[in-house]
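Keep in mind that what you see is a predicted model, and the values were worked out from it rather than measured.
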Amino acid sequence: LSTKIIHSGISTERFRQFVKQPNKDFLTILCVAAIKRRKGIVHLMRAIATVREHYPGIRCVVIGSSEYGPDYLTEVQSEITRLRLHDCVQLLGHVKETTLLHWYSKADVFVLPAVNDDWRFEGYGLSYLEAGAAQLPVIGTTNCGAEDAIEHGLTGLLVPEERLRDELPKAILRLLSNPNMRKRMGIAGRKKAEGQSW
């Protein structure tokens, strides 16, 4: 007997007429995830603070509901204040489909640094696949479902969860500094997503 894994899929129809329109004035990091501990948003904020030292005009947009963990939202907001990121980070909350697609078109890199929170962990990671459908290179973490959703070096980069503080900024900087790699991974991500359409 053999085991066959059938991964979850996404609706790639949403991206049929999709056109990438990155902002020419600054680079944008996008994260689409509910603001709760296992999504690692605090780790992303710390990484953005490091990345901004190299790219002062960097922007980070986080899209996702904040109703699941009010305490964690407060922690994220406190970190934004501590790191003085108010001018470069936007927490947009839940948004309309048109707004979501707008930010997918404007972004340069997708980052969701999921972390295991007790028994809670990232499942397959459909948001990585959706970002791939939007032709974005993606960054996720090891030791969770992101390892199935991301093909390291092909559609994006995987960062060891236990070394996020050091390795996440490096991974982001690696992609920001290499437009050709971003484009190549975006194309590969689109192909992978289309292979897992509903």
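- Annotation for Y104 and A131: closest pair CE2-CA, 3.8 Å, computed over non-hydrogen atoms.
- Hydrophobic cluster membership is shared by L83 and L44, with clusters built from Ile, Leu, Val, Met, Phe, Trp and Tyr side chains linked at under 4.5 angstrom.
- I48 is not connected to F110 by any chain of hydrophobic side-chain contacts under 4.5 Å among Ile, Leu, Val, Met, Phe, Trp and Tyr, and they are in different clusters.
- For the atom pair CZ (R174) and CG (L157), the distance works out to 5.0 Å, reported to the nearest 0.5 Å.
- Under a hydrophobic clustering in which Ile, Leu, Val, Met, Phe, Trp and Tyr are joined whenever their side-chain heavy atoms come within less than 4.5 Å, directly or via other members, M181 and L136 fall into different clusters.
- To the nearest 0.5 Å, atoms CD1 (I29) and CD1 (I172) are separated by 5.0 Å.
- How far CG of L100 is from OG of S105: 10.0 Å, rounded to the nearest 0.5 Å.
- Between L91 and S66 the shortest side-chain heavy-atom distance does not fall below 4.5 Å.
- Screening residues 28-45 for side chain to side chain donor-acceptor pair (under 3.5 Å) gives R37-E75, R38-E122, K39-E122 as the qualifying pairs, with residues at least two apart or on separate chains.
- Across N116 and C144, no two heavy atoms sit closer than the pair OD1-CB, 4.1 Å.
- The shortest heavy-atom contact between A49 and L85 is CA-CD2, 4.1 Å.
- A donor-acceptor pair under 3.5 Å is absent between the side-chain atoms of Y128 and the main chain of G145, judged by distance alone.
- Contact record, G125 with A149: O-CB, 3.6 Å, taken as the closest heavy-atom pair.
- The distance from atom CD1 of I187 to atom OG1 of T155, rounded to the nearest 0.5 Å, is 13.0 Å.
- Note that the OG atom of S65 and the CD atom of E67 stand 3.5 Å from one another [nearest 0.5 Å].
- For the side chain to side chain donor-acceptor pair (under 3.5 Å) condition, the pairs that include at least one residue of residues 44-63, sequence neighbours left out, are R46-E79, R52-D87.
- Looking at heavy atoms from C-beta onward, V95 lies out of side-chain contact with W103 at the 4.5 angstrom threshold.
- R163 is linked by a side chain to side chain contact (heavy atoms under 4.5 Å, CB included) to P160, E167, counting only residues two or more places apart in sequence or in another chain.
- Not counting sequence neighbours, the partners of H102 by the side chain to side chain contact (heavy atoms under 4.5 Å, CB included) test are K106.
- To the nearest 0.5 Å, atom OH of residue Y72 and atom CD1 of residue I35 are 8.5 Å apart.
- T141 places a side-chain N or O within 3.5 Å of a backbone atom of A114 that can act as its donor or acceptor partner.
- The two residues P137 and L175 make their nearest non-hydrogen contact at CB-CD1, 4.0 Å.
- No side-chain heavy atom of Q196 sits less than 4.5 Å from a side-chain heavy atom of I10.
- Linking ILVMFWY side-chain heavy atoms closer than 4.5 Å, directly or via other members, places L112 and M185 in two distinct hydrophobic clusters.
- A heavy-atom distance below 4.5 Å is not found between the side chains of V159 and P113.
- When every heavy atom of F15 is checked against every heavy atom of A133, the shortest pair comes out as CD1-CB, 3.6 Å.
- Counting only residues at least two apart or in different chains, salt bridge (Lys or Arg N to Asp or Glu O under 4.0 Å) contacts with residues 123-148 comprise R14-E130.
- Judged by distance alone, with hydrogens and angles left aside, the side-chain atoms of S197 form no donor-acceptor pair with the main-chain N or O of A193 at under 3.5 Å.
- Looking at heavy atoms from C-beta onward, I58 lies out of side-chain contact with C60 at the 4.5 angstrom threshold.
- Transitive grouping of hydrophobic side chains (ILVMFWY, heavy atoms separated by less than 4.5 Å) keeps V62 and V138 in distinct clusters.
- Sorted by first and then second residue, the pairs that involve residues 188-198 and meet salt bridge (Lys or Arg N to Asp or Glu O under 4.0 Å), not counting sequence neighbours, are R16-E194, E151-K192, R190-E194.
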